[in-house]
There are 2 protein chains.
Amino acid sequence: MPRHVDHAQRRSEISGAVWQVVSESGLEGLTLRAVAAAAGCTTGMVTHYFRDKKALLAHARSVMHRRMADRIDAMPVRHAEPRAHLYAVAEQALPLDEERHLEAVVWSSFLLTTRTDPELLREHSVSHASWLRRLTALVRAALPGEPEPGDLEDRVRALVVCLDGLALNAVTDPDAYPPDLQRRVLDRQLDLILEGNRSL
Amino acid sequence: MPRHVDHAQRRSEISGAVWQVVSESGLEGLTLRAVAAAAGCTTGMVTHYFRDKKALLAHARSVMHRRMADRIDAMPVRHAEPRAHLYAVAEQALPLDEERHLEAVVWSSFLLTTRTDPELLREHSVSHASWLRRLTALVRAALPGEPEPGDLEDRVRALVVCLDGLALNAVTDPDAYPPDLQRRVLDRQLDLILEGNRSL
DNA sequence: GAATTCGCGTAACGTACGTTACGTAACGGC
DNA sequence: GCCGTTACGTAACGTACGTTACGCGAATTC
């Protein structure tokens, strides 16, 4: 056998270059040659590790999702208070530092491409439902009493759209949505979601 | 002089075809030939009314913004209650019917392209600031007392990111964010925003 | 150390795009 | 009725892309 190369690592490196290109040039500038240039290699190497462009994007996408999930999973649960725990988890979805900003840019760019691809839409739906379930458990734990199911669901939706809206705006216009503003809005949103019971 | 053609109308028709193509195929499928096919004409006609693709997209974008603003401006202020008025205006930003869904798809698609184009980003910032100002006035009118400036701003931000997040999710996965869910979340968010004063 | 298999660069190919040029038909002015 | 201008359709051109094929160097095995 010839010399040994870590395929998984090479593929991850190239996927990292995909993120870089998307961040700098958007999806419209995402070409195999641009990816190769960002990765410091040739297009031959890219095609050596990925059958075609679609496979490359799928890998870059899955690495992105894996990274996000891992960051949340690896988060130590050192918060005795349920609200602090909820905040800590929710905060992971915000582009508060450079790493998460890059992820948010890639996330938002890929998100819109799922609209016209049924297969990707299904993946997104599953992932989104999982994210909702996770937040639902945390919100329930942070609520004082036992909420009604519909009420709880609406609260979680309000939280999710807040997170997505913050991320989207921070990606589009970072200067208008600096990290401290994002934190303030999220903190306030948790206050709003967790306080009071719905009038029936 | 030769036969007369309404340039403005033709340009609007072609811009409408741009929306249609974006809605069906996304930005990646947005080619001059696809636009011409959707408009039922030839690429020669498209290039006759628009210097180049960039000008076409700019026009389609401006028509979209104009439409959104017009729909809100043309809305009769028949709500004596400030909260109902705020709700009615905010609701215009949600993809609750087919027309607004199409607009939201185009809006979200164009939104991400502003990231890598400084000129478009400036346009977006101005438009976004104007939208914030409009909502701020309505929120202030709907609040019981006189809020602190920073507190008011945070409330408005929470509303804006809620609207954007709802629109983004409804565009991405319409089945998971049907109109009644959008309305419920918005209604709830207004409750949350308008009730109570911030603890200092 | 020869054979073999993998790693990867180079380069060509076909296609689809934006753009441009050219031709023609239709209409209005004189 | 002729002329000039406008309104378009047709088609070609250059470019950039994804993809594929080919070739060589290197490393491992026997």
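Chain A is the first sequence line, chain B the second, and so forth, proteins listed ahead of strands; every chain is numbered from 1. Just so we're clear, the structure is a prediction, and the values are computed from it rather than from any experiment.
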Practice item. Using the salt bridge (charged side-chain N to carboxylate O under 4.0 Å, His left out) rule, take Arg10(A) and Asp6(A) through it: C-alpha gap first, then chi angles, then the decisive distance, then the call. Key: CA-CA 6 Å; Arg10(A) 279 261 196 270; Asp6(A) 189 337; over 6 Å; no
Study note, to complete from the structure: So ring-ring contact (aromatic ring centres under 6.0 Å, His included) across residues 123-166 of chain A, not counting sequence neighbours, yields His124(A)-His128(A), His128(A)-Tyr177(B)
Review point. Is the distance from OP1 or OP2 of dA7(D) to the nearest side-chain N or O of His48(B) less than 4.0 Å?
Key: yes
Point to revise | Side chain proximity check, Arg67(B) to Arg100(B), heavy atoms < 4.5 angstrom | key: no
**Study point:** Verdict with supporting geometry, Gln189(A) and Gln189(B), side-chain hydrogen bond (donor to acceptor under 3.5 Å, both in side chains)
**Key:** CA-CA 9 Å; Gln189(A) 184 74 10; Gln189(B) 184 73 12; 3.0 Å; yes
**Study point:** Length of the line joining Met45(A):CE and dA11(C):C1', which is rounded to integer Å
**Key:** 19 Å
Review point. Base, sugar-phosphate, or nothing: which does Phe50(A) touch, judged by heavy atoms less than 4.0 Å apart?
Key: nothing
Practice item. Using the six-membered ring wherever Trp is involved, compare the ring planes of His48(B) and His7(B) and label them parallel, tilted or perpendicular (cut-offs 30° and 60°). Key: tilted
Point to revise | Arg188(B) (side chain) donor-acceptor with Arg155(A) (main chain) under 3.5 angstrom | key: no
Restricting both atoms to N or O, compile the protein contacts to nucleotides 16-18 of chain C shorter than 3.5 Å, with distance only.
residue, atom, partner, partner atom, Å
dG18(C), OP1, Lys53(B), NZ, 2.7
dG18(C), OP2, Leu32(B), N, 2.9
dG18(C), N7, Arg33(B), NH2, 2.8
dG18(C), O6, Arg33(B), NH2, 3.0

Practice item. Answer yes when Arg66(A) and Asp73(A) have at least one side-chain N-carboxylate O distance shorter than 4.0 Å, and no when they do not. Key: no
Check your understanding: So what does Arg51(B) touch, heavy atoms closer than 4.0 Å: a base, only the sugar-phosphate, or nothing?
Key -> nothing
Review point. Is any side-chain N or O of His7(A) closer than 4.0 Å to OP1 or OP2 of dG7(C)?
Key: yes
Exercise for review: Answer whether the closest heavy-atom distance between the side chains of Leu168(B) and Thr172(B) falls below 4.5 Å.
Suggested key: yes
Review point. Please give, in whole Å, the distance from dT19(D) C1' to Tyr49(A) OH?
Key: 19 Å
Strictly under 3.5 Å: I want the nitrogen or oxygen pairs between protein and nucleotides 21-24 of chain D, one per line.
none

